[in-house]
Student: 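There's a structure below that I have some questions on.
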Amino acid sequence: NGDIIPLANLSIGAHGFAGFSPQQAGTWKRKNYAVYVDAEADITENFTLGAAVRFEDFDDFGTTTNGKIAARLAFTETFAVRGSVSTGFRAPTPGQSNVTKVSTTTIDGELQQRDQIPPTNQIAMALGAEQLEPEDATNFTFGAVWDVTDRLNVTVDYYNIELTDRIAQTGTIVISDFNSTDPQFAGINCPNTKAAMGDLSLCLQETGIPGAADLNSVSFYTNDFETTTQGVDIVATWALPYSGDHSGDLTFAWNWTETEVDNAGEEVDRNRVVDLENFNPQHRGVITYQHYIGDFRFLARASYYDDWVNADFSDDATPAGANGAGYTISCVIGDDDCYDAEWIFDLEAGYSFTDNWSVVIGAMNIADEFGPFDKENLDANGNFDLNTIGSGNTYAQSTPFGQDGGFWYLRVRADFD
């Protein structure tokens, strides 16, 4: 239409991520040692009990002790239950604690500069960051194993994982919303910028972040939220009753996983919470059939992915529920990107010439599904419009089955004694 849209100022070599500059480079190290013991015994013929304990010392985070108790009880020769309780510990990496990384991203169809800064940076701390601490986990599992018949086996397992002080990046913090003269930045040493009433990006550059003058937003790693993840795994395998040189087995696997943010701090924005809870499909199923005829084998697989949501750069202003979580989902174009469930199909055939030589031909995603269009590129009527609006991506970047379509392959295997 003849309009000229000026590009934002971009750092040299900007193309997503231009790499680390000499000013961003550094050397960080950590020393730690651990001692652990693991024991398992058959208490009775039908009851097995296991226990483990691990002590670890970090020179920068101190010590931690974690344990696990696991048990298996067989009621009959064909049915048993199993379960475990354990605690976990994960220290932040030196990279998470110290990395500075400038990248180019697309927000509402415009290129913008975003910087990941260390949580110990003085401006990050003024925005609510603190030195990273280890995250802790409490884990519980319970399940059963059942040989229904000689040919049919079923396992069912439930798991629950509670994470506190969880480590992850904050959402996008738009620094143009702040000014270096705001009271929360009173202790920041950037006198030149403050004297000129400059914006926060200039202050960041003055405090040692290279290229920060062109930044639109920042993010940093934080411990500032807690989550509970629970799920169920079901796996059933059936060896089909063929005769002669025919044989086959049918496997069904289904998983349900749900993550809830129990507590989110002020630095974890609305879109980050929505993604933590909805970015991955809650339900996934896989049905696989394999058939063998002499030296031939055939495989067919159907994979199901439940619907999912990518908050992306949603403008939805729905207020949070308790503890900074519990946001509602808005599938209106311009808010959350909501994608429908999908089936993906794979086929494979193989032949063994000898015990040492075989050939396999197959196709993954045989229907050539490229994934849904990125909904950031849809206009108000739901029509795809890559040229004038959106993220610049043709396909959704969050698709669980990829965006490259079908993949055909030919594999030859040779075993040399």
Side-chain angles (χ1 to χ4, degrees), residues 30-40 49-72 81-99 119 128-144 155-171 219-234 255-269 272-284 321-326 400:
R30 170 191 294 150
K31 182 184 297 183
N32 62 295
Y33 68 89
V35 178
Y36 64 92
V37 59
D38 189 349
E40 183 175 304
L49 182 65
V53 63
R54 177 187 179 100
F55 170 84
E56 192 159 5
D57 181 88
F58 292 81
D59 63 352
D60 51 354
F61 293 112
T63 63
T64 178
T65 302
N66 294 280
K68 177 180 180 179
I69 297 177
R72 183 182 188 276
V81 296
R82 57 192 179 187
S84 67
V85 178
S86 64
T87 60
F89 171 94
R90 186 173 79 88
T93 67
Q96 290 174 325
S97 299
N98 299 283
V99 69
E130 297 178 348
Q131 180 170 339
L132 290 179
E133 297 291 337
E135 62 183 22
D136 297 300
T138 302
N139 315 295
F140 168 76
T141 67
F142 180 78
T155 65
V156 180
D157 290 283
Y158 168 80
Y159 53 89
N160 185 291
I161 305 168
E162 292 187 5
L163 280 171
T164 59
D165 294 327
R166 183 167 172 174
I167 301 169
Q169 285 193 56
T170 64
S219 66
F220 45 83
Y221 281 101
T222 177
N223 290 103
D224 207 18
F225 65 103
E226 301 173 356
T227 62
T228 298
T229 298
Q230 60 178 335
V232 175
D233 280 323
I234 299 177
N255 167 263
W256 165 71
T257 298
E258 178 186 71
T259 294
E260 290 189 4
V261 177
D262 302 317
N263 190 2
E266 294 181 359
E267 296 79 35
V268 182
D269 70 6
R272 183 67 176 138
V273 172
V274 170
D275 280 344
L276 283 164
E277 295 184 335
N278 302 279
F279 193 80
N280 295 313
Q282 287 193 3
H283 297 270
R284 183 186 174 189
N323 301 319

Student: Could you tell me whether the side chain of Val53 reaches within less than 4.5 Å of the side chain of Thr65, counting heavy atoms only?
Tutor: yes
Student: Does Asp60 reach the main-chain N or O of Arg30 with its side chain, forming a donor-acceptor pair under 3.5 Å?
Tutor: no
Student: Under the side-chain contact (heavy atoms from CB on, under 4.5 Å) criterion, do Leu49 and Ile69 qualify, and how do the steps go?
Tutor: CA-CA 8 Å; Leu49 182 65; Ile69 297 177; 4.1 Å; yes
Student: Write down the atom of Gln96, the atom of Pro119, and the distance for their closest heavy-atom approach.
Tutor: O-CD, 3.7 Å
Student: So, Thr141 side chain and Ser84 main chain: donor-acceptor pair closer than 3.5 Å or not?
Tutor: yes
Student: Check salt bridge (Lys or Arg N to Asp or Glu O under 4.0 Å) between Asp57 and all other residues, then give those that pass, not counting sequence neighbours.
Tutor: none
Student: Assess whether a salt bridge exists between Arg166 and Glu135, defined as any Lys/Arg side-chain N lying under 4.0 Å from an Asp/Glu carboxylate O.
Tutor: no
Student: Check this for me: does any side-chain nitrogen of one of Lys31 and Asp59 sit under 4.0 Å from a carboxylate oxygen of the other?
Tutor: no
Student: Using a 6.0 Å cut-off, check whether atom CD of Gln131 has over 12 heavy atoms from anything other than its own residue.
Tutor: no
Student: Ring centroids only, cut at 6.0 angstrom: are Phe89 and Phe61 within range, meaning strictly under it?
Tutor: no
Student: Nearest 0.5 Å please: distance from the CD atom of Glu40 over to the CG atom of Asp38.
Tutor: 7.5 Å
Student: To the nearest 0.5 Å, what is the distance between CD1 (Ile161) and OG1 (Thr257)?
Tutor: 8.5 Å
Student: Any side-chain donor-acceptor pair under 3.5 Å between Glu130 and Asn223?
Tutor: no
Student: Hey, is the main chain of Val261 close enough, under 3.5 Å, to the side chain of Glu277 for a donor-acceptor pair?
Tutor: yes
Student: Distance only, no hydrogens: is a donor on one side chain within 3.5 Å (strictly under) of an acceptor on the other, for Tyr159 and Thr229?
Tutor: no
Student: Mark yes when over 12 heavy atoms from residues, nucleotides or ligands other than Phe55 sit less than 6.0 Å from its CZ; otherwise mark no.
Tutor: yes
Student: Within the structure provided, determine whether Thr164 and Glu162 are in side-chain contact (heavy-atom separation under 4.5 Å).
Tutor: no
Student: Could you pull out all residues at least two apart from Arg82 that satisfy salt bridge (Lys or Arg N to Asp or Glu O under 4.0 Å)?
Tutor: Asp157
Student: Answer whether the closest heavy-atom distance between the side chains of Asn160 and Thr228 falls below 4.5 Å.
Tutor: yes
